2 protein chains.
Amino acid sequence: MAILGRLSRLQQLVSTEQKRTFAAHGLDAPSFDVLATLRRSDPPHLLTPAELMRSAMVTSGAITQRLDRLEGRGLVTRAPSESDGRSVVVGLTDEGRALIDRALPDHLATEERLLGALTRPERDALAGALRGLLESLGDAEAR
Amino acid sequence: MAILGRLSRLQQLVSTEQKRTFAAHGLDAPSFDVLATLRRSDPPHLLTPAELMRSAMVTSGAITQRLDRLEGRGLVTRAPSESDGRSVVVGLTDEGRALIDRALPDHLATEERLLGALTRPERDALAGALRGLLESLGDAEAR
DNA sequence: CCAATGTAGCTCAGCGCTAAGCTATCCCGG
DNA sequence: CCGGGATAGCTTAGCGCTGAGCTACATTGG
């Protein structure tokens, strides 16, 4: 089983490299994750903590703390939901949106660089294999 | 770039599943990693903290703390190196070896289960792609 | 031979996450 | 209409890791 060990090592290398990119924009990985998830969501780019939690695959406490930090920096806003008294709506501030819009191109360039060794067909095959595995493990959000 | 995102999600799912297996033997992932690395090394299964550090891709401080915990439980031993005054030699105790020998088959079964969705050729292709990526990123220990 | 540089391992403060538990709200079936 | 289970979000203690810094030992070049 030389697959899962390599998966873990590769993820480790990749995330270390990505951290460097995030840091160049004053971000860390958890913050980038939240901002990018909001940015990728349909306009008007509003999500609940529960949605962010499912996307990030972390516990609710982790999302609470991520949002605390981002809100403290003025990058996201929290407002009570109008339709569900338990829920909260998270949105990007102008500053948060400007920041993630600066960081995203760099992030994509890093991805491209990390995958540079693979040809297009190889990438497609790899993406397909990963997708298949994710689905077999019941990952609902296997995008 | 649907690859790196899936890689991260997959690694998350896999490691959560593996944790469950480790816990069934009274282990967590870091402890399992150290014991399994020692067990897989050539007899007499002795490694230095520096070697464990490179294998696990964590900092030296992390290895120190992992070894503190394992030594405290009586699963590994630390002895000063005879050939290098800076170095330490880590070995498995009888108990440590017995424990990892019980846990490893379960771990392999978990791997097999997680990869159940892939056929043999699919696995080979995936393993090859991951290996290629690791090498392109300069991972010396891409086994 | 020794000064300079590199390597090995340890220490510790700080950080983000989990796990468990809490309150408040929603929603379904009886 | 209401009781009970599910869901949303927050809190907090505890944990493992990083990053920076330290000491001791090894190695290399002049």
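These figures come from a predicted structure and were not determined experimentally.
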Euclidean distance, A:L10 CG relative to A:I3 CD1, rounded to 0.5 Å: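 Between A:I3 CD1 and A:L10 CG, I get 12.5 Å after rounding to 0.5 Å.
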
Counterpart residues, side chain to side chain donor-acceptor pair (under 3.5 Å), relative to A:S81 (two or more places apart):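 Result, side chain to side chain donor-acceptor pair (under 3.5 Å) vs A:S81: A:S83.
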
Side chain to side chain donor-acceptor pair (under 3.5 Å) partners of A:Q12, counting only residues at least two apart: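 A:Q12 satisfies side chain to side chain donor-acceptor pair (under 3.5 Å) with no residue once adjacent residues are dropped.
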
Audit row: A:R39, A:L35, side chain to side chain contact (heavy atoms under 4.5 Å, CB included) steps and yes/no: CA-CA 6 Å; A:R39 190 65 179 92; A:L35 295 180; over 6 Å; no

Report, one line per pair, each donor and acceptor closer than 3.5 Å where one atom sits in a side chain of residues 84-93 of chain A; sequence neighbours left out.
from, atom 1, to, atom 2, distance (Å)
A:D84, OD1, A:R86, N, 2.9
A:D84, OD1, A:R86, NE, 3.1
A:D84, OD2, A:R86, NH2, 2.8
A:T93, OG1, A:G74, O, 2.7
A:T93, OG1, A:L75, O, 3.2
A:T93, OG1, A:E95, N, 3.4
A:T93, OG1, A:G96, N, 2.9

Nucleic acid footprint by protein, nucleotides 5-12 of chain C - heavy-atom cut-off 4.0 Å, B for base, S for sugar-phosphate alone: -BBSSBBB

Residue mapping more 5' on DNA chain C - nearest nucleotide basis, A:V58 or A:G85: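 First, find each residue's nearest nucleotide; the 5'-ward one identifies A:V58.
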
Start and end of chain B contact along DNA chain D [non-hydrogen atoms, under 4.0 Å]: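 First and last nucleotides in contact are D:dG16 to D:dA26.
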
Joint cluster assignment, B:L130 & B:L13, ILVMFWY side-chain distance < 4.5 Å: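 Yes, because B:L130 and B:L13 connect within a single hydrophobic cluster, where side-chain heavy atoms sit under 4.5 Å apart.
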
Separation of atom CE in A:M53 from atom P in C:dC17, rounded to whole Å: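 My rounded result for the distance is 13 Å.
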
Any A:V14 side-chain heavy atom under 4.5 Å of A:E17 side chain: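 The answer is no; the side chains never approach within 4.5 Å.
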
5′-ward residue of the pair A:K19/B:D28 relative to DNA chain D: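 Comparing both residues, the 5'-ward one is B:D28.
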
Sequence-distant partners of B:H107, ring pair (Phe, Tyr, Trp, His ring centres under 6.0 Å), two or more places apart: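 Ring pair (Phe, Tyr, Trp, His ring centres under 6.0 Å) check on B:H107 returns B:F22, B:F32.
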
